[in-house]
Structures are given as structure tokens and as C-alpha cells.
Amino acid sequence: MKLISKLTLWYLIITAFVLSTSGLLTFLTVQHEMDEEVTLRLKRLTDNIAEQIADGIPLSAFTDPYISIKEIENSATKLPFQIIDTSDFYFYTENRERKLVAKVIYPINGRNYYVEASEFVVDKGEILGAVLQSLSWILMLFLLIMGLINRQVSKIILMPFKRLLQSIQSFDLSQGGQIELPETKVQEFSELNHFLKKMIAKALNDYRMLKEFAENSSHELQTPLSIIRGKLELLMESDINDEQARLILPAYDSIEKLSKINQALGLLLKIENNQFANMQPIDFSVLTDKVLSAFSELIELKSITLKKEIEDYVQLKIHVDLADILLSNLIKNAIRHNNNNGKIEVSLNSGQLIVKNTGSPPEVPVEQLFQRFKKSNQSSESIGLGLSIIKQICDLYKFKVEYDYIDQLHIIKIIFNGKD
Amino acid sequence: MKVLIIEDNKELASNIKDYLVREGYVCETSYTYFNAENKLISFHYDCIILDLMLPDGHGINLVRFIKTEKNQSSILILSAKNSLEDKITGLDIGADDYLTKPFHLPELHSRLKALFRRKNLKNDNLVEFQEIGVNVESREARVNQHLLTLTKKEFDLLLFFLINKNRILTRQTIAEHLWGDYTDNLANFDFVYQHVKNLRKKISKAKGNDYITAVYGLGYKFNPNL
């Protein structure tokens with residue numbers, strides 16, 4: 001729900017409440033005033049009749065149909081002035097209408113006269129109707145004005161807010177750069193601006209520091225790793241016995257693994273930092289063939305059957321190093337997680353690249369395998385970054401990558417113009 | 001053979017020196033750009049091992065300096081940066097080879113040997129040991145004058161062993177030498193075992209001695225003192 005709709009709705013609810021209360025009050029006031037007026041008039045009328053009777057005018061002289069006068073025998077009966085609310089058939093409207101009747105007994109010159117006078121008044125329902133009608137006109141007018149105001153004024157008032165939203169939406173942390181926040185005189189918005197600026201500056205700073213840390217650590221680790229590896233290699237050459245060799249071996253293997261992880265993380269970082277910006281169309285078909293033949297011995301050593309369907313002249317706009325890394329990671333993966341006497345199927349056309357291989361079923365949900373350090377088999381020797389690198393490269397070029405395990409086949413599919 | 005090692009990290013420099021001295025090289029080390037420049041002006045070296053990141057200057061400028069001095073030394077660049085651009089710049093301005101840190105010492109040695117072979121054209125295509133002879137140019141290997149039918153990888157492996165005689169070559173070192181950039185993630189070193197096994201079989205078949213032995217599970221060694 002839009003902010004302006006919400007405001008309008010609340011405004012309408014309040015307005016409706018106020019209008020109906022004031023309508024009720026108007027109705028009661030009008031009704032009361034009218035009754036009082038009529039009562040006063042009837043009182044004057046009956047008093048006037050009593051005076052005329054006292055002046056000796058005969059009763060037959062009063063011909064008004066709304067007046068009736070009777071002489072009462074019983075001198076003891078007393079009736080003070082009273083108004084009775086009733087209704088009667090009204091000749092002109094041919095309807096029953098509300099009628100106020102005044103009744104009173106006057107003692108005049110030792111005799112008692114009963115005087116009754118009546119007057120038709122406007123029906124309660126009619127007053128209510130009139131009030132409601134006028135109120136609904138007011139309400140409609142009100143809605144019309146509110147609508148216009150909301151459309152026009154809100155545009156002006158909320159403009160800075162909308163511009164702010166646009167700036168935030170177009171901001172990408174990984175792209176760095178500063179965010180342009182529109183100036184505004186509205187206090188709330190300028191507070192929001194201020195807060196956002198601070199937050200973004202902090203986020204940018206944190207992001208930069210994180211990147212620097214990763215870059216530095218990846219770079220700075222290379223030399224110590226080289227030293228350790230060299231020392232271990234020299235130590236191996238010295239006169240060592242079996243037991244010492246058993247101590248050196250795991251240390252050496254761990255150093256190897258560490259340096260592999262470091263290299264892979266460094267590569268991921270470089271892809272993330274867009275350091276492979278330079279991209280030209282390359283013949284992906286030729287490259288795929290090249291990578292496959294580079295691995296042909298490994299494929300043979302495991303007695304794997306390779307089936308390839310590679311369409312000629314598949315052109316892709318991709319950095320040649322990354323294309324090489326992507327393909328070799330895919331093929332390496334297919335070899336490493338394969339069984340002896342298994343098979344690999346590689347098919348490439350202008351739309352997609354599919355690599356299928358046999359292998360033991362994955363032990364974690366396949367979609368998790370693209371995460372860093374997620375391995376299908378946690379005890380395996382691999383470092384668990386191969387698929388993350390594939391994913392990262394695909395993300396960079398907006399390729400869509402899918403991993404499936406169907407019919408005992410691991411299937412990685414890369415769709416080149418995948419992300420709609 | 002005189003080698004100048006220009007590397008600001010003393011431990012790394014001493015690793016390289018230790019390894020190469022055992023192979024009979026004469027090694028000197030420089031830890032700074034300034035010192036290296038002085039040495040290069042005063043002495044001649046057959047090969048210069050150069051780290052690009054020096055505390056008082058960039059190694060690339062040293063390459064330029066060496067080239068303008070019409071120095072005949074071969075240059076092998078060491079760099080912690082594994083990027084194609086660096087590699088291309090380095091090789092473009094006259095370096096002869098490029099090795100990324102962290103590297104294996106036997107790999108460094110084998111690269112150096114290759115550089116020397118390229119430099120000294122005269123009759124140096126032959127690497128020989130007892131009954132084994134390897135021609136680097138024609139890529140032929142013979143045992144007792146018997147031509148071996150080796151795959152490309154087996155040939156490279158044999159040459160690697162011959163250059164690093166009496167050295168322990170770990171499975172990782174061998175894998176990286178044979179497959180280069182493709183090794184990462186190839187955690188399974190069965191491949192190395194297979195290649196070594198095949199090579200040994202082929203040498204034995206040609207009545208050659210089985211010089212290659214497994215060492216404590218660390219790796220393999222070409223043992224010349226049978």
C-alpha cells in the first residue's frame with residue numbers, strides 16, 4: 001500500500017466519523033429548534049383564543065379547522081398547557097404527517113373552556129434525509145478535493161523521497177563509487193539522507209577493507225608458503241629416517257592444500273573485483289577441444305569413456321583466461337568425481353554447454369555445491385572451490401548454471417544467454 | 001654456472017640458494033634493487049632469478065636495465081602475482097621465463113636448466129646419465145641406444161628426473177610440472193603414480209636400471225648410486 005493511499009484512507013475514516021457526528025448533531029438541533037418554535041406559536045395561539053373568549057366573542061366565531069373549543073361542565077377538571085406529538089392525514093400532501101397538538105383548559109369568567117390547537121410540522125425522517133443529503137454533497141466535494149490534492153501535492157512533497165529511493169536502488173556496493181542523494185528542505189527527509197549517507201559510507205568502507213584484507217592476505221601468504229614449502233623440500237633431501245618422513249609428509253601435503261586454497265580464493269576475488277574486464281569473442285569450440293585433449297591422459301588413466309558433441313564455431317564474449325579456467329574446472333570436476341570405467345559426455349552448441357559424468361550420488365543437496373567449501377563428500381581431498389569458481393565466472397557473464405543429478409549422472413548445464 | 005638471486009625475502013633466497021648450490025651452481029644473493037644493480041654492473045651472471053616486488057624498486061625496471069647493458073644473462077622472473085598481464089609484460093621486455101610463487105624448487109631448477117640449454121646451443125640438447133640419453137630437441141629418449149616409445153608426459157617426467165637426480169620429487173611437484181595450471185584440484189595423485197609406473201616399466205624393458213625409487217611415501221627419487 002502506498003504511503004499516500006494510507007494517509008488518505010486514514011483521513012477518510014476520520015472525516016467520515018466527524019461528518020456523521022456533526023450530521024447527528026445538526027439533525028437534533030434543527031429538530032429541537034423547530035419543535036420549540038411550533039410549541040411557542042401554539043401557546044400564543046391558545047392564549048389569544050382565551051383572551052378573545054374572555055372578551056365575549058362567541059365560540060361559533062372560531063372557524064379555523066385546526067382549532068377546537070369546548071365548554072366543560074365539570075368545573076373541577078384542570079388541564080395545564082401540554083403538547084402531544086402525533087400524526088395525522090394531511091390533505092395537501094395526501095400523506096400522514098407529523099402533527100403537534102396543544103391542549104389546555106382555561107377557567108374564564110367562572111366557566112371552563114377546553115382549547116385544542118394543532119399544526120403540521122416537518123417529519124423527522126425528512127429532516128434526517130435533508131441533513132444526510134447535504135452531508136453527502138460535502139463528502140463528495142471533500143473527496144474530490146482530497147483526490148486532487150493527493151495527486152498533485154503528494155507528488156511535490158514526496159518527490160525527494162522518490163528520488164532518494166531511485167538513488168538507493170541504482171546503488172551497487174560492489175561497483176563502489178559514491179551515491180548521489182537529492183537535497184531536500186524537509187526535515188525528515190534530510191535526516192534520512194544524512195543517515196543513509198553515513199550508513200553507505202560505512203558499508204563502502206567495510207567492503208573496501210574486506211576486499212583489501214582478502215587481497216593482501218592472499219598476496220602476502222604466497223611468500224611464506226613458498227618459504228615453508230622450500231624448507232620442507234630441503235629437509236626431505238637431508239638424511240632423514242622413516243619416522244621423520246612420516247612427520248614431513250602431512251606437513252608438506254597441508255602446505256600444498258593451503259597454497260591451492262589460497263590461489264583459488266585469490267582467483268575468486270579477482271573475478272569478483274572484475275579484474276578480467278577485457279573480453280573478446282573467442283572460439284569456444286576450439287577451446288573446449290583443447291581443454292579436453294589436455295585432460296585426455298587423465299581420462300584414459302581412469303578408463304573413462306568420453307563422448308563429445310561439439311558444434312563448430314561457437315563464439316562467446318568472455319575473457320580467454322576465464323574461459324580456460326571455466327572449462328578446465330568443469331572437466332577436472334567430471335574426472336575427479338568419476339568412477340573408474342565411468343563416462344563423461346560433453347555437448348556444446350551456441351546456446352549451452354552440458355557436462356555429464358558418472359559418479360557416486362551427491363551427499364548434500366546439489367544446489368549447495370556451488371557454495372564455497374561445500375563438498376559432496378566432506379572427506380574428499382578436494383578443496384571445494386571448483387564449483388564456486390564456475391559459478392562466479394557464470395555470474396560475471398550472466399550465464400545461468402544448473403547442477404542436476406539425474407539417472408546416476410551428474411549434469412552441469414551452462415546456458416549462455418540464460419538470465420532473462 | 002653463476003646465478004644471481006634477487007629476492008627481498010632472505011629465507012626464500014636462501015631456500016633457492018641452498019637448492020642450487022647442491023646442484024653445483026655458484027650463487028649470489030641480493031635483497032635489494034640497489035644491491036642487485038651494483039652486482040649487475042660489476043659481475044657477469046649466466047642467469048638471474050628475479051623477484052618483481054623489491055623494497056626499493058620494481059623488478060621490471062631491473063629487467064630493462066639488464067637488457068640495456070647488453071647483458072647476455074637469462075632472466076627468470078618470480079612473482080606472487082599470478083596474472084597473465086604480468087607474465088606478458090615480463091616476457092615482452094626480455095625475461096626468459098616466469099614462475100609464480102609458491103613454486104617447487106625442483107621446478108625452478110628444471111626451468112633454469114631449460115634456460116641454459118637454450119642459451120648454450122652447442123651440443124647441449126643431450127641430457128645423459130649412464131645408459132640413459134635424452135635428446136631435448138628431437139624429444140627422443142634412448143636406453144642402451146634403444147629408442148623408448150614414451151608419451152609426451154612420460155618424456156617430460158624422465159627429463160624432470162634426470163635434471164633433478166638424487167632429489168626427492170613429491171607427487172605434487174611432479175603433477176605441477178607435468179600438468180601445470182591444470183593440477184589445482186587434481187587432489188588425486190594416482191595419475192602421477194601411473195605415469196611413474198609406466199616409465200619405470202618402459203626403462204626396465206629396455207634393460208635399463210631401475211633408478212627411480214619411491215621414498216617414504218613422500219615421492220620419488222632418481223637414485224644414481226645403485
Side-chain angles (χ1 to χ4, degrees), chain A residues 218-234 236-237 240-242 244-246 248-249 252-253 255-260 262-264 266-267 270 275 278 291 294-295 297-298 301-302 319-321 324-325 328-329 331-333 335-336 380-386 389, chain B residues 7-16 18-19 22 51 53 78-85 100-106 108 151-154 166-173 175-176 178-195 198 215-219 221:
Chain A
S218 155
H219 184 247
E220 293 298 320
L221 277 175
Q222 303 289 9
T223 306
L225 280 172
S226 266
I227 295 170
I228 301 172
R229 179 144 81 180
K231 294 289 175 206
L232 286 173
E233 275 171 353
L234 290 170
M236 281 180 207
E237 301 291 330
I240 53 167
N241 60 31
D242 229 350
Q244 287 162 331
R246 268 202 298 278
I248 296 172
L249 185 61
Y252 186 78
D253 283 346
I255 284 296
E256 289 298 321
K257 198 164 178 183
L258 193 56
S259 76
K260 296 270 180 286
N262 195 41
Q263 276 169 12
L267 175 65
K270 271 164 78 179
Q275 283 174 19
N278 163 34
V291 171
F295 283 106
E297 292 168 301
L298 301 185
L301 280 175
K302 263 193 154 179
H319 193 288
V320 63
D321 282 3
D324 194 62
I325 292 166
S328 48
N329 267 298
I331 306 302
K332 243 180 309 199
N333 212 52
I335 299 172
R336 184 151 41 88
S380 84
E381 278 291 306
S382 75
I383 57 173
L385 285 173
I389 291 173
Chain B
E7 160 66 62
D8 62 320
N9 190 294
K10 291 181 182 166
E11 285 302 332
L12 198 54
S14 97
N15 276 358
I16 298 168
D18 282 3
Y19 196 93
R22 278 197 223 170
D51 178 22
M53 306 293 259
L78 299 180
S79 171
K81 275 190 195 159
N82 184 16
S83 82
L84 194 67
E85 284 80 33
T100 312
K101 289 181 189 176
F103 52 85
H104 294 277
L105 291 171
L108 175 72
T151 64
K152 183 179 173 298
K153 291 280 187 281
E154 283 161 2
N166 214 8
R167 297 278 190 184
I168 293 173
L169 300 179
T170 62
R171 287 163 303 170
Q172 287 91 335
T173 310
E176 242 165 75
L178 295 185
W179 285 284
D181 289 343
Y182 293 116
T183 23
D184 53 311
N185 285 341
L186 275 182
N188 193 333
F189 288 108
D190 287 350
F191 305 124
V192 172
Y193 169 76
Q194 284 286 349
H195 275 86
N198 289 345
V215 188
Y216 304 132
L218 287 172
K221 189 176 189 173

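We name chains A, B, ... by the order of the sequence lines, and we start the count at 1 in each one.
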Task: Pairs of heavy atoms under 4.5 Å with chain B: top-ranked of A:S226, A:A245, A:G266 - done: A:S226
TODO: Check whether A:I240 gets within reach of chain B through its side chain, its backbone, both or neither, counting any heavy atom under 4.5 Å.
DONE: both
TODO: Tell me, for B:N166 versus chain A, whether the close heavy atoms (under 4.5 Å) come from the side chain, the backbone, both or neither.
DONE: backbone
TODO: Can you tell which part of B:H195 gets under 4.5 Å to a heavy atom of chain A, answering side chain, backbone, both or neither?
DONE: side chain
Task: Greatest number of heavy atom pairs closer than 4.5 Å to chain A - which of B:T173, B:I168, B:L108, B:N198 - done: B:I168
TODO: Drop me the distance from A:Q222's CD to B:N9's CG, to the nearest 0.5 angstrom.
DONE: 13.0 Å
Open item on the list: Test of understanding: with salt bridge (charged side-chain N to carboxylate O under 4.0 Å, His left out), list the residues that count as partners of B:E11, not counting sequence neighbours.
Closed with: A:K231
- [ ] Heavy-atom pairs under 4.5 Å with chain B are the metric here; pick the option from A:I331, A:I228, A:N262, A:N241 that has the most.
- [x] A:N241
Task: Test: B:R171 and B:E176 ion pair at under 4.0 Å - done: no
- [ ] Please round to the nearest 0.5 Å and tell me the distance separating atom CD of A:Q263 and atom CG of A:L267.
- [x] 9.5 Å
Open item on the list: Is B:K153 close to chain A through its backbone or its side chain, or both, or neither, when contacts mean heavy atoms under 4.5 Å?
Closed with: both
TODO: Give a yes-or-no answer on whether the side chains of B:H104 and B:Q172 include a donor-acceptor pair shorter than 3.5 Å.
DONE: no
Open item on the list: Counting heavy-atom pairs closer than 4.5 Å to chain B, which one of A:T223, A:L225, A:L234 comes out on top?
Closed with: A:L234
Task: B:R167: salt bridge (charged side-chain N to carboxylate O under 4.0 Å, His left out) partners, not counting sequence neighbours - done: A:E237, B:E23
